[in-house]
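Encoded as structure tokens, the structure appears first; notes follow it.
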Amino acid sequence: MSDGSLNLDDFGDLIERPDSGVRRDAEDRRARTGLPAGALGRLDELGEWLAAAQARVPVEPVSRPRAVLFAGDHGVAELGVSARPAGGAHTLVRAVLDGTSPVAVLARRFDVPLRIVDMSLDCDPDELPAEVTRHRVRRSGGRLDVEDTLTAEEAERAFRAGMAVADEEADAGTDLVVLGDISVGGTTAAGVLVAALCGTDASVVTGRGGGHIDDLAWMRKCAAIRDGLRRARPVLGDQLRLLAAVGGADLTAITGFLLQSAVRRTPVILDGVVSAACALVAQRVAFRAPDWWLAGQAGGEPAQAKALDRMALDPLLDHGVTAGEGTGALLALPLVRAAAALAAELPVREPEDAGEPGEDAGRAGAAEMLDVT
């Protein structure tokens, strides 16, 4: 991609797995702490994963995390597939900026900076700060059930924007990204992507969304995903065309962000069904990329469960959080930080110190007593 052209096949060569040799060193270090195997549960696995991602033992503490939220509206929301009004994602963004949304409260409590990237919000750009809107590709997206959500040129711009954000975060020293989305209609687009890539029917992936829609809205959503699937299947071999057909600007940008984060060796915690769907698309582009991601939480969406299963990612938490906006992934951050702290700070015994303190002296004393008698 150095010549300016966007060739997704390049990611397969650019993305390497986290260092397996370092991971073995981390496992060896953990074995020398004296704690029984399995005593720390998944914290051991997380610590070793972070060591491999950082290529260092002992692992560095997670000290510069960032929550990155991609925002956009989806034309399919006009069909009444969401509990929120079509074109209303900018009100959700405003709540995050004002510090009143769940993710904003948690980010403030955990001391994690929040970054919002507007890709296709249905509002005047002047209503939001310039740093939020500077990557915007278009206003809302096409209706995925009857038309492409993006033109080919818009899809490439959105994908490159996601890559640029990943580079900006890596260059700024971000050592872990909590990834989320702010959208209306985004879970419908995600459902289409997952169903298309997993070869399943619409009803298998249609969930209730972040707003817990009623049965009639669920039926409308299922029908929209079914119609979107008809449009997605012919372009399954071209991931950028697939995203243009049914993904929208925000999901396209998230996919680019995930792939470039893997290139830059930046670990990412996925949130809900939208980030999981984008991760599944990214896996199709570069099969080693999922080694750089953690599934933060199980949100209860069937499409998310299907996508994570396909990528062999096991969620860290299962609290049924459906608020979206990275909330569930942010809840998993303290767990990851704890794993890093334990892996970095637990003292280890050197091989010559493997015995209990005083053990050799005790043996010598016993031998002398036997000689006396």
Side-chain angles (χ1 to χ4, degrees), residues 1-26 45-46 48-57 59-60 62 64-66 68 70 117 155-180 193-194 197-198 236-243 247 251-271 274-296 307-314 329 336:
M1 280 173 274
S2 58
D3 62 353
S5 63
L6 181 60
N7 181 3
L8 269 56
D9 291 339
D10 290 344
F11 284 106
D13 298 323
L14 292 170
I15 295 173
E16 301 176 353
R17 286 197 164 101
D19 196 314
S20 58
V22 172
R23 182 157 192 155
R24 286 191 294 272
D25 292 342
E45 174 192 337
L46 284 174
E48 292 156 7
W49 175 79
L50 278 171
Q54 296 177 0
R56 60 171 292 127
V57 176
V59 69
E60 286 281 347
V62 177
R64 300 189 68 177
R66 169 95 76 153
V68 179
F70 288 86
V117 184
E156 180 164 340
R157 281 176 55 204
F159 195 95
R160 287 186 180 279
M163 292 173 60
V165 172
D167 283 333
E168 290 164 7
E169 291 303 323
D171 292 342
T174 298
D175 55 10
L176 182 72
V177 171
V178 175
L179 179 63
L193 291 172
V194 173
L197 292 170
C198 293
L236 271 178
D238 185 330
Q239 304 310 307
L240 198 56
R241 285 186 64 194
L242 174 66
L243 289 164
L251 274 68
T252 302
I254 291 171
T255 306
F257 176 86
L258 282 168
L259 285 164
Q260 188 64 13
S261 291
V263 171
R264 298 298 302 271
R265 305 179 69 88
T266 306
V268 177
I269 304 179
L270 308 175
D271 183 38
V274 169
S275 56
C278 297
L280 193 60
V281 178
Q283 183 198 39
R284 279 292 187 99
V285 175
F287 70 95
R288 289 185 286 263
D291 288 357
W292 293 95
W293 312 325
L294 293 172
L308 295 182
D309 181 67
R310 181 60 63 96
M311 293 182 289
L313 293 177
D314 188 17
V336 179

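If you're wondering where the values come from, they're calculated on a predicted model, not measured in any experiment.
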With the side chain counted from C-beta on, respond yes when Met163 and Leu259 share a heavy-atom pair under 4.5 Å apart, and no when they do not. no
Would you check if the side chain of Arg288 reaches a backbone N or O of Ile15 as a donor-acceptor pair within less than 3.5 Å? yes
Provide the closest heavy-atom pair for Trp293 versus Ala282 in the form atom of the first, atom of the second, distance. CH2-CB, 3.6 Å
Salt bridge (charged side-chain N to carboxylate O under 4.0 Å, His left out) filter on Arg17, not counting sequence neighbours, yields Asp291
Would you say the side chain of Leu179 lies within less than 4.5 Å of the side chain of Phe70, judging by non-hydrogen atoms? yes
Apply salt bridge (charged side-chain N to carboxylate O under 4.0 Å, His left out) to Glu48 and list each qualifying residue two or more places apart in sequence or on a separate chain. none
Partners of Asp238 by salt bridge (charged side-chain N to carboxylate O under 4.0 Å, His left out), sequence neighbours excluded? none
Flag, side chain of Thr174 to backbone of Ala170, donor-acceptor distance under 3.5 Å: no
Do you know the tightest heavy-atom contact between Leu6 and Glu156? CD2-CG, 3.5 Å
Any ion pair linking Asp171 and Arg264 (charged N to carboxylate O, less than 4.0 Å)? yes
Run the numbers on Trp292 and Val268 for side-chain contact (heavy atoms from CB on, under 4.5 Å), then give the verdict. CA-CA 7 Å; Trp292 293 95; Val268 177; over 6 Å; no
Taking the side chain as every heavy atom from C-beta outward, state whether Arg66 and Val178 have any pair of such atoms under 4.5 Å apart. no
Quick one: list whatever passes side chain to side chain donor-acceptor pair (under 3.5 Å) with Thr266, sequence neighbours left out. none
Do the non-hydrogen side-chain atoms of Gln239 and Leu197 ever get within less than 4.5 Å of each other? yes
Quick check: closest heavy atoms across Ala329 and Asp271, and the distance to 0.1 Å? N-OD1, 3.0 Å
At their closest point, which heavy atom of Pro290 faces which heavy atom of Gln283, and how far apart are they? CG-CG, 3.7 Å
Gln54 (side chain) donor-acceptor with Glu60 (main chain) under 3.5 angstrom: yes
For Leu308 and Ala276, the nearest pair of non-hydrogen atoms, with its separation, is CD2-CB, 4.2 Å
Could you state the interatomic distance from CE (Met311) to CZ (Phe287), rounded to the nearest 0.5 Å? 15.5 Å
Given side chains that start at C-beta, do those of Thr255 and Leu243 come closer than 4.5 Å, heavy atoms only? yes
Can you sort out the partners of Ala51 under side chain to side chain contact (heavy atoms under 4.5 Å, CB included), two or more places apart, ordered by chain and number? Val22, Ala26, Val57, Val59
More than 12 foreign heavy atoms under 6.0 Å from CZ of Arg265: is that the case here? yes
What closest approach, in Å, do Ala166 and Ser261 show between heavy atoms, and which atom pair accounts for it? CB-OG, 3.5 Å
Contact check, side chains of Phe257 and Val177, non-hydrogen atoms, under 4.5 Å: yes
Counting C-beta onward and ignoring hydrogens, is there a side-chain heavy-atom pair between Leu280 and Leu193 closer than 4.5 Å? no
Tell me, with the steps shown, if Leu313 and Leu294 meet side-chain contact (heavy atoms from CB on, under 4.5 Å). CA-CA 7 Å; Leu313 293 177; Leu294 293 172; over 6 Å; no
Check whether Asp19 reaches the backbone of Ala55 with its side chain - one donor and one acceptor, N or O, closer than 3.5 Å. no
Whether over 12 other heavy atoms sit under 6.0 Å from Glu168 CD: yes
Test of understanding: with salt bridge (charged side-chain N to carboxylate O under 4.0 Å, His left out), list the residues that count as partners of Arg157, not counting sequence neighbours. Glu153
Min side-chain heavy-atom separation Leu176-Val336 under 4.5 Å: yes
